[in-house]
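Read the structure below first, then the notes.
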Amino acid sequence: MFPTLQVSFAHLNPSLSYSVLVDLESVDDKRYRYSFHQSKWTATGQGEVQLPGRSFVHPDSPSLGAHWMRGGISFDKLKLTNNQLDDNGHVIVNSMHRYRPRIHIVCHSLNNSIHSFSFPETAFIAVTAYQNHRITSLKIESNPFAKGFRESDVDESTRAAFPMLFPLFSLTMPRSS
């Protein structure tokens, strides 16, 4: 997934065991297209039926709360696909549909209690082809799974033109009483 989703945790019990998962919830049932003339995304009609979603379990799961609170964690191994028949465990999305990541924290020590979080600002439209060559270059240079497509480093002007592609989202757990 590009850009990579990153979260940080606070207020977990340092000695309890937790797993962290992410899945993608469909924001609506619409299909979108980008209007270059209007410089915005517009809904173009009814979207495809959403299959039951897959969750991606963070590779450090399960770990103690102390581990999760050390610093930010990254979902850089999360892979998305539009292949409805995928058998590699990738999270399946429909291209040109809106999704929002949901973070799930499972506390194994407390009867597998689950706390889920999502943030409206993390919603995105899944795309499979980029019309802007600068976005294509930036993704190839920043995506660890695109090594075969790399020719050279992305120049600083490209990075400066798209600072919003590198968000860092923070997640803080509420204090337990």
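- The CD1 atom of I103 sits 9.0 Å away from the OG atom of S118 when rounded to the nearest 0.5 Å.
- In this structure, the side chain of T122 does not engage the main chain of R100 through any donor-acceptor pair within 3.5 Å.
- At a threshold of 4.5 Å between non-hydrogen side-chain atoms, the residues Q84 and N94 count as touching.
- Side-chain contact between L78 and L5: absent, with no pair of heavy atoms (C-beta onward) separated by less than 4.5 Å.
- Counting only heavy atoms from C-beta outward, the side chains of F117 and V7 never approach each other to under 4.5 Å.
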Exercise for the section: Step by step, work out the side-chain contact (heavy atoms from CB on, under 4.5 Å) result for I125 and Y99. Expected result: CA-CA 6 Å; I125 296 176; Y99 294 93; over 6 Å; no
Exercise for the section: Walk me through it: do V93 and L24 pass the test side-chain contact (heavy atoms from CB on, under 4.5 Å)? Expected result: CA-CA 8 Å; V93 295; L24 300 176; 3.6 Å; yes
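- What you find for S95 and R31 is that their closest heavy atoms are O-NH1, 3.2 Å.
- Atoms NZ and CG, from K79 and N88 in turn, are 8.0 Å apart once rounded to the nearest 0.5 Å.
- Here the side chain of H58 pairs no donor or acceptor atom with the backbone of K77 at under 3.5 angstrom.
- Ring pair F36/Y34 is perpendicular by interplanar angle, where above 60° counts as perpendicular and below 30° as parallel.
- Listed by first and then second residue, the salt bridge (Lys or Arg N to Asp or Glu O under 4.0 Å) pairs involving residues 51-62 are R54-D86 (not counting sequence neighbours).
- Atom CG of N82 sits about 10.0 Å away from atom CD of E48, to the nearest 0.5 Å.
- Residue F9 holds its CZ atom at 11.0 Å from CE of M69, rounded to the nearest 0.5 Å.
- Judged by distance alone, with hydrogens and angles left aside, the side-chain atoms of H67 form no donor-acceptor pair with the main-chain N or O of G65 at under 3.5 Å.
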Practice task
Assess whether side chain to side chain donor-acceptor pair (under 3.5 Å) is satisfied between D76 and Q6, documenting all intermediate values.
Solution key: CA-CA 8 Å; D76 55 348; Q6 297 177 342; over 6 Å; no
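- Following chains of ILVMFWY side-chain contacts shorter than 4.5 Å, one can reach F56 starting from F124, so the two form part of one hydrophobic cluster.
- In this structure, the side chains of R98 and S26 stay at 4.5 Å or more apart for every pair of heavy atoms.
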Problem - side-chain contact (heavy atoms from CB on, under 4.5 Å) between V27 and E25, intermediate numbers included - result: CA-CA 6 Å; V27 172; E25 65 179 330; 5.6 Å; no
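- Residues L110 and L21 do not share a hydrophobic cluster, clusters being chains of Ile/Leu/Val/Met/Phe/Trp/Tyr side chains in contact below 4.5 Å.
- Minimum interatomic distance between L85 and N83 (heavy atoms only, all atoms of both residues): N-OD1, 2.9 Å.
- Residues I105 and I114 fail the side-chain proximity criterion, which asks for heavy atoms closer than 4.5 Å.
- A distance of 8.0 Å separates CG of L16 from CG of L64, quoted to the nearest 0.5 Å.
- In terms of modelled atom types and a separation under 3.5 Å, the side chain of H97 and the main chain of D29 share no donor-acceptor contact.
- Across every non-hydrogen atom of S63 and W68, the tightest pair is O-NE1, 3.2 Å.
- Applying the side-chain hydrogen bond (donor to acceptor under 3.5 Å, both in side chains) rule to pairs touching residues 13-23 yields N13-S15, S19-H108, D23-R102, D23-H104, sequence neighbours excluded.
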